[in-house]
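In what follows, a structure is listed as structure tokens, so that the remarks can point back to it.
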Amino acid sequence: MKTPREQLADLDHRVFMTGQSFPSWIVPSSTGRHVALLSEQVVDRQRPLVVALVVRAATLTPLVDAGLLRLGELEDVPEYEGRRGFWWEPGAVGCRITGAF
């Protein structure tokens, strides 16, 4: 079984393989079972955020519990480019990633 630090490195690698930077937002699905990790993209100023990866919410729990991933409070999410069942809708809420170690 991987340690939380190894899990964070694996998550970082999976995001890197999509061609995106480490995410700056986490947006839960309507069921709460999955979360979309949103990364900033500089090529599209109209939609500065893009879904980089979708993972099970339980994947992030050990990282948050170990203090390796810090999340801000729920707030309105800026418009983002969606995929895999995640599309931006007015009133969408999520958490900013305030720290990853």
Side-chain angles (χ1 to χ4, degrees):
M1 189 158 127
K2 292 183 180 182
T3 67
R5 192 165 299 282
E6 290 169 330
Q7 290 173 338
L8 181 62
D10 183 51
L11 185 64
D12 185 36
H13 178 73
R14 290 173 62 195
V15 170
F16 175 77
M17 294 304 290
T18 68
Q20 301 297 330
S21 61
F22 196 80
S24 54
W25 284 85
I26 292 176
V27 179
S29 67
S30 59
T31 64
R33 286 186 224 140
H34 292 88
V35 293
L37 304 175
L38 306 182
S39 294
E40 293 181 35
Q41 59 178 359
V42 295
V43 295
D44 187 352
R45 295 193 189 274
Q46 297 295 328
R47 288 188 175 153
L49 296 172
V50 63
V51 174
L53 191 64
V54 176
V55 297
R56 288 180 293 145
T59 302
L60 301 182
T61 303
L63 306 180
V64 173
D65 290 347
L68 297 174
L69 193 63
R70 292 189 190 148
L71 305 178
E73 298 294 321
L74 281 175
E75 59 182 293
D76 291 338
V77 178
E79 186 173 349
Y80 61 86
E81 181 182 328
R83 69 174 191 185
R84 297 185 193 163
F86 280 86
W87 297 98
W88 182 81
E89 295 179 13
V93 294
C95 298
R96 289 181 192 266
I97 296 175
T98 59
F101 304 94

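Computed from a predicted model, the values in this text were never measured in an experiment.
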- Would you sort out whether Val55 and Leu11 count as a side-chain contact (heavy atoms from CB on, under 4.5 Å), showing the intermediate values? CA-CA 9 Å; Val55 297; Leu11 185 64; 4.1 Å; yes
- Verify side-chain contact (heavy atoms from CB on, under 4.5 Å) between Val93 and Glu75, making sure each step is shown before the conclusion. CA-CA 5 Å; Val93 294; Glu75 59 182 293; over 6 Å; no
- Task: Take Phe86 and Val35, measure what side-chain contact (heavy atoms from CB on, under 4.5 Å) needs, and give me the verdict at the end.
- Result: CA-CA 9 Å; Phe86 280 86; Val35 293; 5.7 Å; no
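In terms of the side chain to side chain contact (heavy atoms under 4.5 Å, CB included) criterion, residue partners of Pro78 (sequence neighbours excluded) are, by chain and number, Trp25, Leu49. In this view, Ile97 and Phe22, Pro23, Ile26, Leu69, Leu71 satisfy the side chain to side chain contact (heavy atoms under 4.5 Å, CB included) rule, not counting sequence neighbours.
Shortest non-hydrogen contact noted between Gln7 and Leu63 is CB-CD2, 3.8 Å. Nearest approach of Pro62 to Pro4, heavy atoms of both residues: O-CB, 4.1 Å.
The distance from the CZ atom of Arg56 to the OG1 atom of Thr61 is 10.0 Å, given to the nearest 0.5 Å. Rounding to the nearest 0.5 Å gives a distance of 10.5 Å between SG of Cys95 and CG of Leu60. Rounded to the nearest 0.5 angstrom, Asp10 CG and Arg5 CZ are separated by 14.5 Å.
Within a 6.0 Å sphere centred on CD of Glu73, heavy atoms belonging to other residues, nucleotides or ligands number 12 at most.
Side-chain heavy-atom separations under 4.5 angstrom define the hydrophobic clusters, and the remaining members of the one that includes Phe16 are Met17.
Judged by distance alone, the side chain of Thr98 and the main-chain N or O of Arg70 form a donor-acceptor pair under 3.5 Å. With Ser39 contributing its side chain and Gln20 its backbone, the two residues share no donor-acceptor pair below 3.5 Å.
Between Glu81 and Val51 the shortest side-chain heavy-atom distance does not fall below 4.5 Å. Under the 4.5 Å side-chain criterion, counting only non-hydrogen atoms from C-beta, Tyr80 is not in contact with Val50.
Side-chain heavy atoms closer than 4.5 Å link hydrophobic residues (I, L, V, M, F, W, Y) into clusters, and following such links, even through other members, never connects Leu74 to Leu37.
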